[in-house]
Amino acid sequence: MKIAILSRKRDLYSTHRLVEAAKKRGHKADVIDTLRCYMNITSARPTIHYKGGELKAYDAVIPRIGSSITFYGAAVVRQLEMMSVFCVNDSVAITRARDKLRSLQLLSKKGIGLPITGFAHSIDEIQDLIKMVGGVPLVIKFLEGTQGIGVVLVETAKAARSVIEAFLGLKVNIMVQEYIKEASGADIRCFVVGDKVVAAMKRQAKSPEEFRSNLHRGGTASAVEITPEERSMAIRAAHIIGLNVAGVDIVRSNRGPLIMEVNASPGLEGIEKATGIDVAGAIIEFIEQSTEVDKNRSSGKG
Ligand code: ADP
C-alpha cells in the first residue's frame, strides 16, 4: 500500500513512528506537508498539487493536523475524501473534535458522563452560570485551547466573575466547568483505534499546585489498567465524534468516569513510552483491515 502521513514535520516522534510502522509492514510511506498542498476543485476531477506537481495516488492517508492549522488541514483532508482516498479520520470529525463545546454537546446528547459545563455570551448572567455548574471552585476553558493552555482553575466567586467578565469582554469563547477535585490532578488517556482501546496511560500533574495533567505542562505518564466501563466509554465517545483514531481523556470522579476531551491527532510519544505498546503499528493494521474491507466491498466479495 501507499500511505501518506499529513504532517508539518517528518522528524516529529509520531510522524516518524508512523512511517517506521508502515515500512515495517511492507508499505510505502511518505510524509506530506499539509501546508504545501494546494487544491484544484474542478468538477468531476478534484486533485491535490504538492510542491509543483500533482500529488501521486495514495491508498490511505493519516491526517496529523495540528490545532493551529485546523481550517486548512481539514480542507486538504476533505479534498482527499473527494478523491476517494481512505482517510483514517475524516475532515468533519477532525473539525468537530477541535471544538470542545461542539464535542461535549454531541456526547451529552448520547448520555456520556461529562463534567457539568456552561456556555454563555452575555455577562449579565454570570452569577447564574456559576451557580449552574455548582459554584466555585470551577474551571474556565478556551473553546479551542490545547495542551492545557487556556484552562484556568478559579477558586473564589469574586475571581470567577472577574475572569469570566474579562474573557467575554475580549470576545474569547469560553466554557465554564465544574471542577472535578477528586481527580487530584490526574486523568486517563485512552488511545482508541477502530473499535478498541489499544493503549491507556494515566497522566499526573507535576505538583499538587498544578491541576492540569498535560505532558506539555510537565505531567508524568504511566501505564494504567482501565475498567470495562472506561473502555466502552472511550470507544463510544470516539465513535460519536466520528473518529477512528482518537485520544479520549477521562477523569475519574466520585460519580464514575467522565469524558474531558476527545482528540483527533493524539500524540504517540507519551503513550508508546509509558506503555511500551506499538500504537503506530495498531494504526497501520487498522488501515490494512479497513482498506481490505473497502476492496472486498467494491469487488462484491464482502
Ligand atoms: P487541553 O485540551 O488544553 O488539554 P483539557 O480540557 O483536556 O484541555 O484540560 C487539561 C487538563 O486539565 C486535563 O487533562 C485535566 O487534567 C485538567 N482539567 C481540565 N478540566 C478539568 C475539570 N473540570 N476538573 C478537573 N480537572 C480538569
Side-chain angles (χ1 to χ4, degrees), residues 14 64-68 70 94-108 112-119 129-130 132-155 159-160 163-164 167 172-192 200-222 224 226 230 233-234 237-238 241 243 246-267 269-271 274:
S14 304
R64 304 274 322 160
I65 310 292
S67 58
S68 59
T70 303
I94 294 170
T95 313
R96 258 188 217 130
R98 267 305 131 69
D99 180 337
K100 289 185 193 198
L101 181 70
R102 184 177 178 188
S103 304
L104 292 186
Q105 286 174 315
L106 291 168
L107 297 173
S108 78
I112 299 276
L114 304 168
I116 304 169
T117 305
F119 184 61
L129 187 70
I130 295 173
M132 209 170 76
V133 301
V136 286
L138 53 79
V139 176
I140 298 172
K141 287 184 191 181
F142 293 0
L143 286 202
E144 300 209 1
T146 173
Q147 300 176 350
I149 297 165
V151 180
V152 185
L153 174 61
V154 184
E155 306 200 68
V163 176
I164 297 172
F167 284 144
V172 176
N173 280 320
I174 51 157
M175 56 194 195
V176 179
Q177 197 165 66
E178 162 195 19
Y179 175 50
I180 310 298
K181 186 168 189 292
E182 62 272 22
S184 309
D187 74 354
I188 312 285
R189 158 65 57 95
C190 297
F191 205 108
V192 177
M201 67 175 166
K202 180 175 178 174
R203 299 180 302 187
Q204 181 70 54
K206 67 170 181 227
S207 67
E209 291 78 50
E210 176 60 86
F211 77 106
R212 297 166 300 176
S213 57
N214 305 69
L215 302 185
H216 286 96
R217 305 263 72 74
T220 49
S222 55
V224 69
I226 54 170
E230 288 164 345
M233 192 178 197
I241 304 300
L243 295 167
V248 181
D249 297 342
I250 291 179
V251 286
R252 288 176 166 167
S253 81
N254 291 339
R255 59 177 193 277
L258 307 174
I259 298 272
M260 191 59 67
E261 200 182 11
V262 181
N263 295 280
S265 288
E269 185 166 12
I271 194 107

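Just follow the structure's listing: the first ligand is 1, and inside any ligand the first atom is 1. If you read the sequence from its start, that first residue is 1, and numbering goes on from there.
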message: Distance under 4.0 Å to a non-hydrogen atom of Met260: what atoms of ligand 1 satisfy this?
response: 7 (O), 19 (C), 20 (N), 21 (C), 22 (C), 27 (C)
query: What is the closest protein heavy atom to atom 9 (O) of ligand 1, and at what distance does it sit?
result: Val151 CG2, 3.9 Å
query: Under 3.5 Å, side chain of Ser265 to main-chain N/O of Ile65, donor-acceptor pair present?
result: yes
- prompt: So do the side chains of Pro266 and Ile271 get within less than 4.5 Å of each other, counting heavy atoms only?
  reply: no
query: What protein heavy atom sits nearest atom 7 (O) of ligand 1, and how far off is it?
result: Glu261 OE1, 3.0 Å
field: Contact atoms of ligand 1, heavy-atom distance to Gln147 under 4.0 Å
entry: 1 (P), 3 (O), 4 (O)
- request: Examine ligand 1 and decide if any of its atoms is less than 4.0 Å from a heavy atom belonging to Val251.
  value: no
field: Sub-4.5 Å side-chain heavy-atom contact between Val248 and Met233
entry: no
- prompt: Are any of the side-chain heavy atoms of Glu155 and Val136 separated by less than 4.5 Å?
  reply: no
query: Among protein heavy atoms, which lies nearest atom 15 (C) of ligand 1, and at what distance?
result: Ser213 OG, 4.0 Å
Whether Arg217 side chain and Gln147 backbone form a donor-acceptor pair below 3.5 Å: yes
- prompt: Would you say Glu178 has any N or O atom under 3.5 Å from an N or O of ligand 1, going by distance alone?
  reply: yes
task: Return the residue, atom name and 0.1 Å-rounded distance of the protein heavy atom closest to atom 24 (N) of ligand 1.
output: Ile180 N, 2.9 Å
Test item: Ser103 side-chain N/O and Arg96 main-chain N/O as donor-acceptor pair under 3.5 Å: yes
- prompt: Below 3.5 angstrom, do we get any N/O pair linking Gln177 and ligand 1?
  reply: yes
message: Could you tell me, atom by atom, which parts of ligand 1 come under 4.0 Å of a heavy atom of Lys100?
response: 1 (P), 2 (O), 3 (O), 5 (P), 6 (O), 8 (O)
message: Considering non-hydrogen atoms of the protein only, which is the closest contact for atom 17 (C) of ligand 1, and what is the distance?
response: Phe211 O, 3.6 Å
- request: Identify the protein heavy atom lying closest to atom 20 (N) of ligand 1, giving its residue, its atom name and the separation to 0.1 Å.
  value: Lys141 NZ, 3.0 Å
query: Heavy-atom contact under 4.0 Å between Gly148 and ligand 1?
result: yes
message: If you define the side chain from C-beta out and look only at heavy atoms, does anything of His216 sit under 4.5 Å from Ile149?
response: no
- prompt: What residue and heavy atom of the protein are closest to atom 10 (C) of ligand 1, and at what distance?
  reply: Asn214 OD1, 3.1 Å
- prompt: Near Asp187, which atoms of ligand 1 are under 4.0 Å from a heavy atom of that residue?
  reply: 13 (C), 14 (O)
Main-chain N/O of Gly247 paired with Asn263 side-chain donor or acceptor, under 3.5 Å: yes
message: Tell me whether Glu182 contacts the main-chain N or O of Arg255 through its side chain, where contact means a donor paired with an acceptor under 3.5 Å.
response: no
- request: Please tell me if the side chains of Ile241 and Leu107 come closer than 4.5 Å, counting only heavy atoms from C-beta onward.
  value: yes
field: Proximal ligand 1 atoms for Tyr179, defined as those under 4.0 Å from one of its heavy atoms
entry: 24 (N), 25 (C)
